[in-house]
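Side chains included, hydrogens not; waters and symmetry mates left out as well; all remaining heavy atoms used. Order of the sequence lines sets the chain letters (A, B, ...), proteins ahead of strands, with each chain counted from 1.
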4 protein chains.
Amino acid sequence: MGLQALTIEAIAARAGVGKQTIYRWWASKTDVLLDAFVDDALSGIDPQDSGNLEKDLRRHLTNLSKFLTQSDAGAVFKALIGQAQNDPQLAEKIRVRFTASQRQADCLPIVKAIERGDLPRKTDVDAIVDSLVGPIYYRVLVSGAPLTPAFIKSIVEHFLASIKT
Amino acid sequence: MGLQALTIEAIAARAGVGKQTIYRWWASKTDVLLDAFVDDALSGIDPQDSGNLEKDLRRHLTNLSKFLTQSDAGAVFKALIGQAQNDPQLAEKIRVRFTASQRQADCLPIVKAIERGDLPRKTDVDAIVDSLVGPIYYRVLVSGAPLTPAFIKSIVEHFLASIKT
Amino acid sequence: MGLQALTIEAIAARAGVGKQTIYRWWASKTDVLLDAFVDDALSGIDPQDSGNLEKDLRRHLTNLSKFLTQSDAGAVFKALIGQAQNDPQLAEKIRVRFTASQRQADCLPIVKAIERGDLPRKTDVDAIVDSLVGPIYYRVLVSGAPLTPAFIKSIVEHFLASIKT
Amino acid sequence: MGLQALTIEAIAARAGVGKQTIYRWWASKTDVLLDAFVDDALSGIDPQDSGNLEKDLRRHLTNLSKFLTQSDAGAVFKALIGQAQNDPQLAEKIRVRFTASQRQADCLPIVKAIERGDLPRKTDVDAIVDSLVGPIYYRVLVSGAPLTPAFIKSIVEHFLASIKT
DNA sequence: CGATAATCGAGACGGTACGTCGTGTCTTATC
DNA sequence: GATAAGACACGACGTACCGTCTCGATTATCG
């Protein structure tokens, strides 16, 4: 069931390789996955910027939703994040290798909006981005509720409304 | 490292019990944990209501943060949620046994505010609650960023600002 | 495989009886078998005596052969004797409950012949009987060689020849 | 109590070896014993031949008695033969690996005597050897009666007397 | 004839050993 | 000289039975 169904012996056998060769290059099963996952996952991150904050946010959150729920990489990500709950070292590795880059993309629409002057200079980017992507991750990892366009729309609208004041 | 360091044999030995007795009553290691966890976790949920939405939200989110980061039950919850990423059946069990109740408590401040007339009848409770608790879970499960009072304050203020319009 | 495939739980279940009821009356699995076996095994022993030593011996050894190789009781006997190699107490019980009676029957032709005066008074009955039945048991328990009429004839003839001198 | 007191786990532990290593090389507990037993048991078989049939037979039967009742290998042999009563495959293995060689030694005095001309060419070696060793095995495996020099002497004398005619 | 035991089936219990699987390390034989 | 193949010590798995121990339900005995 999940990661423990994926044995090192099976990986080696499937690769037509001795176990030792695996151990020579990776310290653990999760490291193998992390390496295999990071490359194609990072390539899927979109650095687009249309100049329209609402549009950018909706597109970005939609892409994030699709990554998490529909892509193979997203499935691996969930598996790794799951494993990381029991393994702080893995958690750190995921952050360094993947989450940091993903985070930059998450921040991009906000940062660009600040540069444009659409948002005030003193905006707390971190808190805002967490408020935008947090609900997405929550539904994926915890509640299992579906990520509908309406939900994404609601997140973005609440955010935009909150900064109108 | 986490759940696989907790063997059934150790559980049985520690309980002064034969392995078979564990297997007789629980189908898996996670079921044992789920049973042991649910009782004391649910008891920690607070149904308080002061009549002040902002105050209630901050208190509730603060309690949630403490549960997730500082309590034993929270640690078990993280481990279970982690395992659930590889195991849809476990995910479902967690929702039925625990998340559902937790969710009710999460919704309470909003529901009460609606009853009071502080929020409009047509408020989408689910989307709003996800937006409030989502960022908390995100930091705990994914980013590892700290749950400061300032962060909680920021979440609540953005929400309140968004509904002022 | 043999006796350890016959579990107490299976015996109890097959008899529609609680395990405790078995344990109340028998101390061990072999005791159950011993009881079940002794009755019908003893009833098969023939105390006939025709007055003709050769004829009696051949008939007796033939019967013994059939008992050991063709009857259900013989199969149980082999199983019990097998178990007894590892269990002196069982060995003793088998002797008291069964082998002793069997032995009397084995001795009968010789004893009768002595009474008749066909054999000298000082005949060592035990040694002679062992020499007669020993080869039979040897083939059954050890060598697996078949118990042909010719073999039985050979045993008897050698014995009769040996006492002619 | 015998073989079931000798667990695979104990064998492995005593050998400072993982259980798997045992299972890799032997299919069952009895196979382990058989291998361990055969080597030193075969080495104890004596191919001596003095040219005197009576002397050779007495010496051989005496050695056989000592092997069965006084040596460690004899104890293992009895345990294996016991187990073999419930396990035809084991019975066959014992015959191939051990009994066959033992049998050759058992036959030797008779065969040599025939070569010497002390016994007729048409002698039925198998039947005779069974008659000689059968009583020994019978006392060991079934009756438990002691193997005295007098008993062995009686066996040999009866045999020699029977061929005098 | 109804209360009171004794006996029984059922099966949970603390244990022990089973045979299997996967781990990470070490060795061999091949290319 | 690197590598596939796989043996090795180890430890947890989930299963099967062991012999002991409660449980009701069902009999049988006696008041």
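The salt bridge (charged side-chain N to carboxylate O under 4.0 Å, His left out) test applied to D:R103 returns D:D126, D:D130, not counting sequence neighbours. Listed by chain and number, the residues in a side chain to side chain contact (heavy atoms under 4.5 Å, CB included) with A:A75 amount to none (sequence neighbours excluded). Scored by the side chain to side chain contact (heavy atoms under 4.5 Å, CB included) test, D:Q89 finds D:D87 as partners (sequence neighbours excluded).
For residues 65-78 of chain C, no pair satisfies side chain to side chain donor-acceptor pair (under 3.5 Å), with sequence neighbours left out. The ring pair (Phe, Tyr, Trp, His ring centres under 6.0 Å) pairs that include a residue from residues 71-96 of chain D are D:F77-D:F98, where partners are two or more places apart or lie in different chains. Pairs engaging residues 10-25 of chain B under the side chain to side chain donor-acceptor pair (under 3.5 Å) rule: B:E9-B:K19 [sequence neighbours left out].
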For a quick check, with a 4.0 angstrom heavy-atom cut-off, what is the B/S/- contact string for nucleotides 19-25 of chain F, read 5' to 3'? BBB----
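Distance, C:Q4 CD to F:dA16 C1': 13 Å, rounded to whole Å. Between the CZ atom of B:R24 and the P atom of F:dC17 there is a distance of 14 Å, rounded to whole Å. Atom CG of C:L3 is separated from atom P of F:dC17 by 15 Å (rounded to the nearest Å).
Each of A:L6 and D:T7 was assigned the nucleotide of DNA chain E with the nearest heavy atom; the assignment lying further toward the 5' end belongs to D:T7.
Counting heavy atoms from C-beta outward, B:I11 and B:T7 have side chains that stay 4.5 Å or more apart.
Once you apply a 4.0 Å limit to the heavy atoms of chain A, the touched nucleotides of DNA chain E run 5' to 3' over E:dG22 to E:dC26.
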Just list the side-chain donor-acceptor pairs under 3.5 Å for residues 29-45 of chain D, sequence neighbours left out, or say none.
from  : atom 1 : to    : atom 2 : distance (Å)
D:K29 : NZ     : D:L3  : O      : 3.4
D:K29 : NZ     : D:L6  : O      : 3.4
D:T30 : OG1    : D:S28 : OG     : 2.9
D:D31 : OD1    : D:S28 : OG     : 3.4
D:D31 : OD1    : D:K93 : NZ     : 3.0
D:D31 : OD2    : D:K93 : NZ     : 3.3
D:D35 : OD1    : D:R97 : NH1    : 2.9
D:D35 : OD1    : D:R97 : NH2    : 3.3
D:D35 : OD2    : D:W26 : NE1    : 3.1
D:S43 : OG     : D:D40 : O      : 2.7

